[in-house]
Amino acid sequence: MAHYVIVGGGLAAGTAVEKLRDEGFDGDLTVVAAEQHPPYQRPPLSKGFLAGEEGRDAVILHDAAWYEEKGVGLRTGVTATSLEPAGQSLALDDGSTLTYDALLLATGSSPRRLPLDGADLEGVRTLRTLDDSDALAAELRGGGRRLVLIGSGWIGMEVAATAKTLGNEVTVLERGRVPLEAALGEDMGAVFRDLHLEKGVDLRASVQVERIAGAGRVSGVFVDGEEIPADLVVIGVGAVPNVSLAERAGIDVDNGIVVDERLRTDASNIFAAGDVANAYHPVIQRHLRSEHWDNALKAGEVAARSMLGMPASHDSIPYFYTDQFDLGMELSGYPPLMKDARVVTRGDVATREFIAFWHDGTRIVGAMNVNVWDVQEQLQRLIRDAAPVTADALRDGSIALNELAP
Ligand code: FAD
């Protein structure tokens with residue numbers, strides 16, 4: 001009987017397991033997951049779960065009993081330590097070795113570390129895992145703490161919003177001109193800056209963090225010569241893909257594990273999906289590594305079909321969402337194409353109810369709806385169809401989205 005093995009305990013691993021069984025794979029299936037939890041999704045960890053509004057059921061995809069019922073060997077708290085593609089075998093840190101017929105690497109990513117003095121003091125944290133979120137929640141839920149966030153990417157901004165809503169004093173330190181500049185550009189980053197400033201977050205842009213101070217426990221962060229007092233510091237400066245297992249096995253790695261549109265690595269019967277995979281996108285004809293929930297969800301399914309030899313192509317438009325204070329947003333688009341595009345808006349940016357389009361001069365390569373709902377399907381269709389549309393038509397709210405490029 002065939003044995004398929006999945007390494008990882010995140011959303012890509014979880015959806016791959018589900019899809020393999022849904023598609024009728026009845027061979028042996030083993031999941032090797034370093035964390036102590038069954039596969040789970042991370043978005044609530046900086047939002048509802050951190051705030052105490054959502055419980056573990058919003059995070060964990062299926063409990064251990066589900067895996068048992070599906071005949072899946074779920075090995076939590078176990079790390080895969082080395083992989084030998086030639087012998088189709090995988091060594092685990094509990095001393096055992098698995099042989100496989102097909103293997104999926106869904107090892108995700110880890111918080112980028114900052115080589116800062118004081119980064120190892122007690123009270124200096126990163127946020128990636130359920131346990132990280134539990135620990136942070138224990139400090140923030142009572143309110144009244146002074147939290148300093150280093151970095152204003154998605155996780156930093158979401159934690160800032162949640163912590164502020166819970167009644168903490170929040171400072172965000174950012175090296176760039178506005179938060180989220182790399183993802184959204186300056187104008188749209190300014191929308192998030194203004195939101196946080198209005199809600200009372202002390203957001204400081206264009207600053208250089210010098211060191212974290214404290215004796216045993218953190219007491220402050222030095223920025224451009226000034227000390228900002230802190231009870232707690234969260235470093236959120238991006239993530240790096242967990243490629244070491246693949247790299248040591250001689251698999252092609254370049255900004256993640258390099259895979260084709262069927263999510264196959266260059267080693268036979270080894271696939272990769274989720275944050276760790278740098279996958280060829282057949283529409284834009286280049287490789288993309290996406291660190292988003294929707295990517296992990298869809299890639300897990302595509303990988304399962306690909307492992308089964310079924311038609312499979314990871315060709316969806318990258319999609320992301322966030323919730324911060326009273327702002328909800330969805331964003332679809334191809335980041336490499338959005339970089340050089342011009343942003344055109346319709347609706348009211350000042351009241352934060354609008355759609356922003358990334359227009360490359362001819363067509364839409366990205367679109368973000370802010371507090372405007374049920375439009376993603378149409379926005380994705382506009383991006384997918386790549387039909388010519390003018391910037392004036394995009395700005396004109398009297399032209400319905402489905403009439404923009406008939
Ligand atoms: P991961 O979720 O990182 O899972 C990988 C797992 O593999 C980890 O548990 C790891 O321990 C395990 N592993 C690694 N190496 C080994 C090994 N050798 N052996 C065994 N196990 C191993 N995206 C959005 O689109 N919207 C959001 O609002 C959003 N919010 C987020 C909030 C937070 C706090 C975080 C951290 C991420 C958020 N994301 C969001 C991103 C999204 O959660 C990720 O893109 C997604 O988790 C990627 O899933 P994955 O399965 O590829 O990897």
Side-chain angles (χ1 to χ4, degrees), residues 5-17 30-51 58-61 74-83 90-94 98 103-112 125-134 136-137 153-162 183 234 236 238-249 256-257 263 272-279 289-301 303 318-324 327-332:
V5 174
I6 298 177
V7 183
L11 184 60
T15 44
V17 172
T30 304
V31 179
V32 179
E35 292 181 60
Q36 295 294 345
H37 314 285
Y40 66 92
Q41 56 174 345
R42 299 177 197 272
L45 303 183
S46 49
K47 311 178 191 69
F49 182 80
L50 183 61
V59 177
I60 306 271
L61 303 175
L74 176 61
R75 301 177 68 167
T76 52
V78 178
T79 299
T81 49
S82 74
L83 166 62
L90 182 75
L92 312 182
D93 70 348
D94 63 0
L98 300 174
L103 176 83
L104 174 63
L105 297 170
T107 49
S109 54
S110 300
R112 180 173 289 123
R125 303 181 173 280
T126 53
L127 173 57
R128 182 77 202 175
T129 67
L130 187 49
D131 298 349
D132 293 341
S133 184
D134 265 337
L136 193 57
W154 295 115
I155 290 176
M157 296 300 273
E158 288 176 358
V159 172
T162 304
V234 174
V240 287
N242 296 324
V243 294
S244 63
L245 188 63
E247 210 162 33
R248 281 184 277 114
I257 302 172
L263 305 182
D275 277 17
V276 77
N278 187 7
R289 195 172 70 78
S290 186
E291 289 175 357
H292 298 326
W293 172 88
D294 185 64
N295 174 62
L297 187 80
K298 298 213 169 101
E301 294 183 356
Y319 165 89
F320 176 78
Y321 71 92
T322 187
D323 294 303
Q324 299 172 28
L327 182 153
M329 168 281 238
E330 297 174 283
L331 169 67
S332 288

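Note that ligands are numbered from 1 as they come in the structure, with each ligand's atoms numbered from 1 the same way. All values derive from a computational prediction rather than experimental measurement. We use all heavy atoms of the structure for the numbers below, so side chains are in, but hydrogens, waters and symmetry mates are not.
Not a single donor-acceptor pair under 3.5 Å links the side chain of Arg42 to the backbone N or O of Leu127. When atom types are taken as modelled, the side chain of Arg289 and the backbone of Val276 share no donor-acceptor pair closer than 3.5 angstrom. Proximity of a side-chain donor or acceptor of Glu247 to a complementary backbone N or O of Ile257 within less than 3.5 Å is not detected. Checking side-chain atoms of Ser46 against main-chain N and O of Ile155 turns up no donor-acceptor pair under 3.5 Å.
What sits closest to atom 49 (O) of ligand 1 on the protein, heavy atoms only, is Ala296 CB, 3.5 Å. Protein heavy atom nearest atom 8 (C) of ligand 1, with residue, atom name and distance: Arg42 NH2, 3.3 Å. Protein heavy atom at the shortest distance from atom 45 (O) of ligand 1 is Asp275 OD1, 2.7 Å. For atom 26 (N) of ligand 1, the nearest non-hydrogen atom of the protein is Tyr321 O, 3.2 Å. Among all protein heavy atoms, the one lying closest to atom 42 (C) of ligand 1 is Trp293 N, 3.8 Å. Protein heavy atom closest to atom 14 (C) of ligand 1, with residue, atom name and distance, is Thr107 O, 3.2 Å. Remark: minimum distance from atom 21 (N) of ligand 1 to any protein heavy atom is reached at Ala34 N, 3.0 Å. When only non-hydrogen protein atoms are considered, atom 40 (C) of ligand 1 lies nearest to Pro43 CG, 3.9 Å.
Between Leu11 and ligand 1, an N or O atom pair is found at a separation short of 3.5 Å. At a 3.5 angstrom cut-off on N or O pairs, Gly274 does not count as close to ligand 1. Some N or O of Arg128 is nearer than 3.5 Å to an N or O of ligand 1, by distance alone. Checked against a 3.5 angstrom limit, the closest N/O atoms of Ala80 and ligand 1 fall inside it. Where the criterion is an N or O separation shorter than 3.5 Å, residue side chain and backbone included, Asn242 fails it with respect to ligand 1.
The distance from ligand 1 to the heavy atoms of Ser109 drops below 4.0 Å at these ligand atoms: 3 (O). For ligand 1 and Phe320, the ligand atoms under 4.0 Å from any heavy atom of the residue are 23 (N), 24 (C), 25 (O), 26 (N), 27 (C). Taking every heavy atom of Glu158 and a limit of under 4.0 angstrom, the matching atoms of ligand 1 come to 28 (O), 30 (N). In summary, the atoms of ligand 1 found under 4.0 Å from a heavy atom of Val7, numbered by their order in the structure, are 17 (C), 19 (N), 20 (C). Here is the list of ligand 1 atoms found below 4.0 Å of a heavy atom in Ala12: 51 (O), 52 (O). If you number the atoms of ligand 1 from 1 as listed, the ones under 4.0 Å from a heavy atom of Thr79 come out as 17 (C), 18 (N), 19 (N), 20 (C). Atoms of ligand 1 found under 4.0 Å from any heavy atom of Lys47 (numbered from 1 in listed order, with element): 27 (C), 28 (O), 29 (C), 30 (N). Distances below 4.0 Å separate heavy atoms of Glu35 from the following atoms of ligand 1: 8 (C), 9 (O), 11 (O).
The shell of residues lying under 4.0 angstrom from ligand 1, judged by heavy atoms, excludes His37. Using a non-hydrogen distance threshold of 4.0 Å, Val159 does not register as a contact of ligand 1. Look at Gln41 and you'll find every heavy atom at least 4.0 Å from all atoms of ligand 1.
Ring pair His37/Tyr40 is perpendicular by interplanar angle, where above 60° counts as perpendicular and below 30° as parallel. Aromatic ring orientation, Phe320 versus Trp154: tilted (interplanar angle from 30° to 60°).
Separating the OG1 atom in Thr15 from the NZ atom in Lys298 is a distance of 11.0 Å, to the nearest 0.5 Å. A distance of 11.5 Å separates CE in Met157 from OG1 in Thr162, rounded to the nearest 0.5 Å. Atom CG of Leu331 and atom CG of Asp294 lie 11.0 Å apart (nearest 0.5 Å). Here the CG atom belonging to Leu105 is positioned 11.0 Å from the CG atom belonging to Asn242, to the nearest 0.5 angstrom. The CE atom of Met329 sits 10.0 Å away from the CG atom of Asp323 when rounded to the nearest 0.5 Å. The line from CG of Leu263 to CG of Leu104 is 8.5 Å long, rounded to the nearest 0.5 Å.
Residues Asp93 and Thr81 have side chains that never bring a donor and an acceptor to within less than 3.5 angstrom of each other.
Of all the heavy atoms of Glu291, the ones lying under 4.0 Å from any atom of ligand 1 belong exclusively to the backbone. Counting heavy atoms under 4.0 Å from ligand 1, residue Thr81 does not touch it at all. At a heavy-atom distance under 4.0 Å, only backbone atoms of Ala106 (N, CA, C or O) approach ligand 1.
Here atom 35 (C) of ligand 1 lies nearest to Ile155 when heavy atoms of Ile155, Leu90, Asp294, Val31 are compared.
Listed by chain and residue number, nothing satisfies the salt bridge (charged side-chain N to carboxylate O under 4.0 Å, His left out) test with Asp131 (two or more places apart in sequence, or in another chain).
Residues Val59 and Leu45 are in side-chain contact: their nearest non-hydrogen atoms beyond the backbone lie under 4.5 Å apart. The shortest distance between side-chain heavy atoms of Val7 and Leu83 does not fall below 4.5 Å.
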